[in-house]
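Quick notes on the structure that follows.
First the proteins, then the strands, lettered A, B, ... as listed; each starts at 1. The analysis underlying the following values was restricted to heavy atoms, covering all of them including side chains, and did not include hydrogens, waters or symmetry mates.
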Amino acid sequence: MRLCLRALGAPLRGFVLHSGKRVASCFSTAGFDLPDWFKNPEDGGSCAGLGGDGDDDFVLPAKSGTLEERRETATGSGTKPLSILARCPASHQEAEFEADLDEVSRILSSRFASPEAIVIAMDCCHVRVSGRLVDKILHRFNSDWVAAFGFFMWAGTQDGYRHCANSYDSMVDIVGKFKQFDLMCGLISQMHEVGGLVSLVTMTKVMRRLCGANRWSDAIDAFHKMDQFGVAKDTKAMNVLLDTLCKERSVKRAMGAFQQLMGTIPPDESSFNTLVHGWCNARMMKEARKTMKQMEEHGFSPSVVTYTSLIEAYCMEKDFQTVDNILGEMRRRGCPPNIITYTIVMHALGKAGRTQEALDTFEKVKQDACTPDASFYNSLIYILGRAGRFLDANFVVAEMHRTGISPNVTTFNTLISAACDHSQAENALKLLVQMEEKSCKPDIKTYTPLLKLCCKRQWVRTLLFLICHMFRKDITPDFSTYTLLVSWLCRNGKLVQSCLFLEEMVSKGFAPKQETFDLVLDKLENRNMHSAMRKIQLLRVQVAGNRRKSNETRW
DNA sequence: TGAAGTTTAA
């Protein structure tokens, strides 16, 4: 089956998306360059050239698919999810669900100034609200808190429906991600009043989001207030707090909290391992060793997890001599390295350019009768791919199949990224098709290297195709992907598109870096695009305002 | 997403 972009004319031009609407329609109207391999098939292989009688032809390769599937894909309506292989709803009920999902997405895609405006707009919408629909919409709009929260409020008022704890948790996470801490607070109170829906899962999200916004002491406060919402302040909860503080660059605060709490909450092995890992990540090895000692004083001997954290830190320092010493110590103390330890060591050697030593690790794994898992294989594929050894990488994929370990999304992402790095665009796109065939769901990391390659080569049509493909799969760009698109397009002279992505980025609640604004404004000035400049300057002021507002909010 | 490991990267 081959999928021709022109056959998708309707979805391209109408481009019904919950996101990127204006960006996409802009791409589809101007006259852009075709991918090089389309113009010069010998450059990029045979995947793209079909007919070639018009600018819109761009073909993705695919191997299978019935005639029916072809027809359905080619004529697929703009509201159906774009899929290289067509999908049909399994039942009538399923079709209704899909239609409801599309209807809500369509409404939420328009830009609304506030969640309240969405509640009003939703009132004419006759869909059957269910927990599944709410979860799906929250997932789809998890990068657009206004849309997600507006819909959530509306759904909560519908007859015969009540939000479950799980939906509340997702909503808490989304508003937290965009630093809407007042709303987050309100949701927690509501969850409690409605019937004790607050759990450790909820409070974990609260603490992680607060720490993510550098509000470490607010996170500690949230921990102390947990029992007011009926969540026990036990060892498990304390470990979440410690881990959160450590992961969010505040191991010192974690240690402080631990020293305060350990009198009332008994620590376990995880508590110590979390802290050791925190110190190791901060490269404070003396402290890490001290915590290990403290661990032993409490009757816990260092485990493979503890040692592996140490090893990882020395790997980051490229101190492979110390790594070897620790491996020896582990064996002596009857705590042999496991597949995770080996993955770390192998990966670090590979990254340090010591490819052969890295590959020798595979032998050691076999000698130790350690069983490789998907992550280990993925790391091996990464090292081989980086070295351009694609045949060997494919051999590893075959080995995975042979040992009953299915290649996962990371396997594909690694292969795609390596192919892009070596300018093998055709292979990279083939892998994307293979993922679809194997029902392996792509994520944002699948697309980033492909998008980057398109930006670099100025393949704007292919870029559009990929963005379209991405949105249809409910994958929205993250902060870095937006930054990438804005800056690459800007550097490559596609200023209009760059500005549109910048606007969309802000409307999604992201705060672009000053450098990103500077870059765009600089290019606009060079081109004397004054009205666009004013618009972007206004946007910058808006972002600064949002930032101030979110810093003022108190938990 | 979370007590340790794998994919983007200026």
Side-chain angles (χ1 to χ4, degrees), chain A residues 173 177 201 204-205 207-209 211-212 235-236 238-248 254 267-281 288 291 295 300 302-313 315-316 330 335 337-348 350-351 358 361 365 370 372-386 396 400 405 407-421 431 442-453 455 477-481 483-488 491 513 515-516 519:
Chain A
D173 198 46
K177 180 157 103 181
V201 175
T204 300
K205 292 183 193 298
M207 290 188 282
R208 291 203 190 285
R209 290 308 182 188
C211 282
T235 306
K236 200 174 162 198
M238 176 179 74
N239 290 350
V240 169
L241 175 71
L242 299 182
D243 185 51
T244 306
L245 290 167
C246 285
K247 296 262 163 65
E248 300 297 343
D268 64 4
E269 194 196 314
S270 294
S271 320
F272 289 103
N273 280 335
T274 304
L275 290 164
V276 170
H277 186 227
W279 293 122
C280 286
N281 257 349
T291 305
M295 182 176 183
F300 302 104
S303 67
V304 62
V305 177
T306 331
Y307 284 117
T308 301
S309 294
L310 285 188
I311 286 183
E312 191 187 14
C315 278
M316 288 190 281
M330 288 173 80
C335 175
N338 64 16
I339 194 64
I340 298 180
T341 324
Y342 280 123
T343 307
I344 291 168
V345 176
M346 177 177 73
H347 200 75
K351 276 212 157 159
T361 312
V365 166
C370 221
D373 62 5
S375 296
F376 179 85
Y377 282 126
N378 289 344
S379 187
L380 195 54
I381 291 170
Y382 172 79
I383 293 165
L384 292 166
R386 231 167 73 113
V396 176
M400 287 176 85
I405 296 164
N408 59 22
V409 58
T410 307
T411 317
F412 280 106
N413 291 357
T414 308
L415 288 164
I416 288 175
S417 162
C420 288
D421 278 346
L431 284 159
D443 62 19
I444 184 65
K445 292 182 179 73
T446 314
Y447 292 94
T448 311
L450 289 162
L451 295 172
K452 198 179 130 196
L453 188 65
C455 289
D478 54 10
F479 178 84
S480 357
T481 311
T483 307
L484 172 93
L485 288 169
V486 171
S487 44
W488 274 98
R491 289 205 183 96
K513 286 185 276 190
E515 300 100 271
T516 313
L519 177 76

Do A:Thr414 and B:dT7 have a side chain to base donor-acceptor pair shorter than 3.5 Å?
no

Figure out the CG/C1' separation between A:Leu242 and B:dA4, and round it to whole Å.
16 Å

Go through the structure and list residues passing salt bridge (charged side-chain N to carboxylate O under 4.0 Å, His left out) with A:Asp373, not counting sequence neighbours.
none

Let me know the distance between CG of A:Leu380 and P of B:dG5, rounded to the nearest Å.
19 Å

B:dA9, B:dT6, B:dG5: which one has an atom nearest the side-chain heavy atoms of A:Ser480?
B:dA9

Stepwise salt bridge (Lys or Arg N to Asp or Glu O under 4.0 Å) test for A:Arg208 and A:Asp173:
CA-CA 9 Å; A:Arg208 291 203 190 285; A:Asp173 198 46; over 6 Å; no

Would you say B:dT1 has OP1 or OP2 under 4.0 Å from some side-chain N or O of A:Lys177?
no

A:Lys205 has an atom NZ; how far is it from atom P of B:dT1, in whole Å?
8 Å

Roughly how many Å is it from CZ in A:Arg386 to P in B:dT7, rounded to a whole number?
10 Å

Taking only the side-chain nitrogens and oxygens of A:His277, find out if one of them lies under 4.0 Å from OP1 or OP2 of B:dG2.
no

Distance in angstrom units between A:Met330 CE and B:dG5 C1', rounded
13 Å

Quick check: do A:Cys420 and A:Lys452 have side-chain heavy atoms less than 4.5 Å from each other?
no

Reckon A:Phe376 touches a base, only the sugar-phosphate, or nothing at all at heavy-atom distances under 4.0 Å?
base

A:Lys452 side chain near B:dA9 phosphate (N/O to OP1/OP2, under 4.0 Å)
yes

A side-chain contact here means heavy atoms from C-beta on lying under 4.5 Å apart; do A:Met238 and A:Ser271 qualify?
yes

Touch class at under 4.0 angstrom, heavy-atom based, for A:Asp268 against every strand present
nothing

If you check the A:Lys247 side chain, which of B:dT7, B:dG5, B:dA4 turns out closest?
B:dA4

Cut-off 3.5 Å, side chains only: do A:Asn408 and A:Asn378 have a donor facing an acceptor?
yes

Of the options B:dA3, B:dT6, B:dT7, whose atoms approach the side-chain atoms of A:Ser270 most closely?
B:dA3

Between B:dG5, B:dT7, B:dG2, spot the one nearest the side chain of A:Arg208, thanks.
B:dG2

Under 3.5 Å, is there a donor on one side chain and an acceptor on the other for A:Thr516 and A:Thr483?
no

Within the structure shown, what part of the strands sits under 4.0 Å from A:Asp421 by heavy-atom distance: base, sugar-phosphate, or nothing?
sugar-phosphate

Checking all strands, does A:Asn239 fall into the base, sugar-phosphate, or nothing category for heavy-atom contacts under 4.0 angstrom?
nothing

Is it true that A:Asn273 and A:Ser270 share a donor-acceptor pair across their side chains at a distance under 3.5 Å?
no

So for A:Asn378 and B:dG5, does any side-chain atom that can act as donor or acceptor lie under 3.5 Å from a complementary atom in the base?
no

Does A:Glu269 reach a base, just sugar-phosphate, or nothing at all? Heavy atoms under 4.0 Å.
base

Using a cut-off of 4.0 Å on non-hydrogen atoms, how would the nucleic acid contact of A:Thr274 be classed: base, sugar-phosphate, or nothing?
sugar-phosphate

Can you tell which of B:dT1, B:dG5, B:dG2 lies closest to the side chain of A:Arg209?
B:dT1

Rounding to a whole Å, what distance do you find between A:Met295:CE and B:dA4:C1'?
12 Å

Can you check the A:Ile405 CD1 to B:dT6 P distance for me, whole Å?
17 Å

Between B:dT6 and B:dT1, how far apart are the two C1' atoms, rounded to whole Å?
14 Å

Shortest side-chain distance from A:Ile344, nucleotide among B:dT6, B:dA3, B:dA4:
B:dA4

Specify the separation, in whole Å, of atom CG of A:Asn273 and atom P of B:dG2.
17 Å

Give me the distance, rounded to whole Å, that separates B:dA3 from B:dT7 when you measure between the C1' atoms they each carry.
22 Å

